[in-house]
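Everything below concerns the one structure shown next.
Only a predicted model underlies this, so the values are computations on that prediction, with no experimental measurement involved. Note on naming: letters A, B, ... go to the chains in the order of the sequence lines (proteins, then strands), and numbering restarts at 1 for each one.
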Amino acid sequence: MEEEMDRNLTYRVPASTLVEVAKIAAPYRDRPEHLMKVVLKVEQIVPIFSQDVTAVISREMNIPQTQVYSFVTFYQMLYTGRRGKYVIHMCQSAPCHIRGAEEVAKAVEDMLHIKMGETTEDNRFTLAYAPCMGVCDVSPAIMINGKVYGNLTPDSVREVIKRYIREEVQ
Amino acid sequence: MEQMKVLLKNVGKIRPESAKDYINAGGFEALRKALSMSSDEIIQTLKDSGLRGRGGAGFPTYRKLQFACSTENDTKYVVCNADEGEPGTNKDRILLSGDPCAIFEGMAIVGKAIGAHMGYIYMRGEYVYLREMLYKALENCEKEGCLGKNIMGSGFDFVIKLRMGAGAYVCGEETAMFESIEGKRGEPRYRPPYPGVHGLFGKPTVLNNVETLANIAPIFRNGTEWYRTIGTEGSPGTKLFTVIGNVEKRGVYEFPMGINLKELIYDVCGGIPDGKHLMAVQAGGASGPFINKDQIDIPLEIDYVAASGGRLGCGTILVIDDSNCIVDMVCNNLYFFKEESCGKCTPCREGTTRLYQLARKISDGKGTMKDIDAIKSLGETMNNASFCGLGRSATVPVESAIRNFYPDFERHIDKDFCPVCDREGRMQG
């Protein structure tokens, strides 16, 4: 865990990407209320909200770096750690819980050989618990990169994950 | 039983992004009426209608407007709370995705009443897939002259902007939401000053839930007398109920306030599937109380539910069958609060963690009767000393579970085998 944190802190994003980050943030100089918009856009092009990324956002928007960092660490959907190409969110709330979410979670863990909160060695999958996604009428549900899959069983979730492993989804 | 569709009238019948479809279905008539009315007349109409907030607390809507209206300021804001973070609730998603123009119309009427020209919709990050459609709907409304500059030639301007959250339950608390819109951590503010005086960007602000705002246009369109004929004396109108969990037909249903909970579960939603039986119901979202099967013969109305120690909240009904264990449910519930506590105040940050540990200890068969006392006394402290509603209400489910399912807690302390709590691979926290 500590090793992972050290790696995240010292992670260096390529200079060309930092230029892109600066381009996203620059139009919002002195308008801190647009931090969420900037952060959501930046998330699309950087693998980690590392120190250098938050420093660029802070410089371009003219707000303290601590504010940027405390912001990205507060919201559950923003990642400061390593994250795979596909982020699998497993709903952990009661409506999914009572309809077999744990069996579904276990099936995914076993299939990808990682535990909750971890990322596969090849950087393709991150598995994380998430609070309710508001699709309780089809619980238990998971969300992969914004796409929702509902009414899952261990068997059907294995089919879903298999399509991602084979890259048979858009 | 037939549903009564007031809020869901257009859902699934019109194209949500089309302002024209909404106008053809009678949309923006209410705004037209309101534009010719004075602030006092609009607020009086809302007062006569008896509309109360649908987000959880049931606060009379007109009072919020009164506060903001009586504060002198050139800039005021209307905020729509579309953060729907309450586990098990998706009524606001149905309204936002099915009939967004009705929400815009409600916001514009509130804006007209308090003299605000800017509205914000704060939508939770999980609903990001609705964003493009909402932008289109806003654009179409402006094209039709129903939003934007000089609405319907009345000289009144009202612009609505969309802001996204990124996964934080506490942002549903109004002052935390203001912080988040301002580009900060979503931590609640000290009150007073109240939002009606010092809200978003320090300006007078009215914040309402999506469903509350959706109620406003029908009130102005059909009149307060009509509205009063629906629901009960204390809580007029219809309510959206999200029924989820172990029922045959899950989903969002619209009924007049005061519908019987038992009828809702058995007649409307088809009861419990797979030959199982009802064990518990949690009404009102994650911070609602757990009630047992003998307590469900109640009318779902704000005051009645509150008087019986529960809360109607956002109208979520989580039905739990007897293959589950109440102590395990409590653990799951407290784990949620432990994760979602923002950490600003000590009673909530430490309290939710300790409550989870204590409940987990009991469910693991390592608890004693003293732990139950500890939960109760800690709950009281949190209730009195927490900074915002999250910490104050996080204790309701565990306390109600102990009250209504006492033998189950004793059974776990006595180390009687529980197939749910003793299963392998159980969630660790």
(message) Run B/R185 and A/T73 through side chain to side chain contact (heavy atoms under 4.5 Å, CB included) and show every step you take.
(response) CA-CA 9 Å; B/R185 290 165 74 94; A/T73 51; 3.8 Å; yes
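The 12-atom threshold is not exceeded at NZ of B/K293, counting heavy atoms of other residues, nucleotides or ligands nearer than 6.0 Å. In A/E167, the CD atom is crowded: over 12 heavy atoms of neighbouring residues, nucleotides or ligands sit closer than 6.0 Å.
In this structure, chain A has heavy atoms under 4.5 Å from both the backbone and the side chain of B/N246. Within the 4.5 angstrom heavy-atom criterion, only side-chain atoms of A/L40, from C-beta onward, approach chain B. For B/C171, the part lying under 4.5 angstrom from a heavy atom of chain A is the side chain only. Only the backbone of B/V247 comes within less than 4.5 Å of a heavy atom in chain A; its side chain stays farther off. Proximity to chain A involves both the backbone and the side chain of B/S180, based on heavy atoms less than 4.5 angstrom apart. Heavy atoms closer than 4.5 Å to chain B are found in the side chain of A/H34, but not in its backbone. Contact of B/V170 with chain A is made through the side chain alone, with heavy-atom distances under 4.5 Å. Proximity to chain A (any heavy atom under 4.5 Å) is restricted, for B/Y127, to the side chain, taken from C-beta onward. Only the backbone of A/V138 comes within contact range of chain B, with at least one heavy atom under 4.5 Å from a heavy atom of that chain. Proximity to chain A involves both the backbone and the side chain of B/M164, based on heavy atoms less than 4.5 angstrom apart. Within the 4.5 angstrom heavy-atom criterion, only side-chain atoms of B/R93, from C-beta onward, approach chain A. For B/L318, the part lying near chain A is the side chain, with the backbone staying farther off; criterion is any non-hydrogen pair under 4.5 Å.
Of all heavy-atom pairs spanning A/G146 and B/Y129, the tightest one is O-CD2, 4.4 Å. Looking at every heavy atom in both residues, A/C136 comes nearest to B/N90 through N-ND2, 3.5 Å. When all heavy atoms of B/M329 and A/I98 are compared, the pair lying nearest together is SD-CG2, 3.2 Å. When every heavy atom of B/N332 is checked against every heavy atom of A/A94, the shortest pair comes out as OD1-N, 3.4 Å. Across all their heavy atoms, B/P87 and A/C132 have their closest contact at CA-CB, 3.5 Å.
In terms of heavy-atom pairs under 4.5 Å with chain A, the best-connected choice from B/A166, B/G167, B/G183 is B/A166. Note on A/V68, A/V148, A/V135: by heavy-atom pairs under 4.5 Å with chain B, the leading option is A/V135. For chain B, the option among A/E33, A/M36, A/R99 with the highest count of heavy-atom pairs below 4.5 Å is A/R99.
Here the options are B/E340, B/E339, B/E86, the test is side-chain contact (heavy atoms from CB on, under 4.5 Å), and the partner is A/P131; only B/E340 passes.
Side chain of A/Y75 to main chain of B/G186: a donor-acceptor pair is present (N/O by atom type, distance under 3.5 Å, no hydrogens or angles).
To the nearest 0.5 angstrom, B/K184 atom NZ is 11.0 Å from A/I63 atom CD1. Taking CD of B/E126 as the reference point, atom SG of A/C91 lies at 9.5 Å (rounded to 0.5 Å).
A donor-acceptor contact closer than 3.5 angstrom links the side chains of B/D328 and A/H97.
Side-chain contact between B/R250 and A/P95: absent, with no pair of heavy atoms (C-beta onward) separated by less than 4.5 Å. Side-chain contact between B/Y169 and A/Q76 is absent, with no heavy atoms from C-beta onward closer than 4.5 Å.
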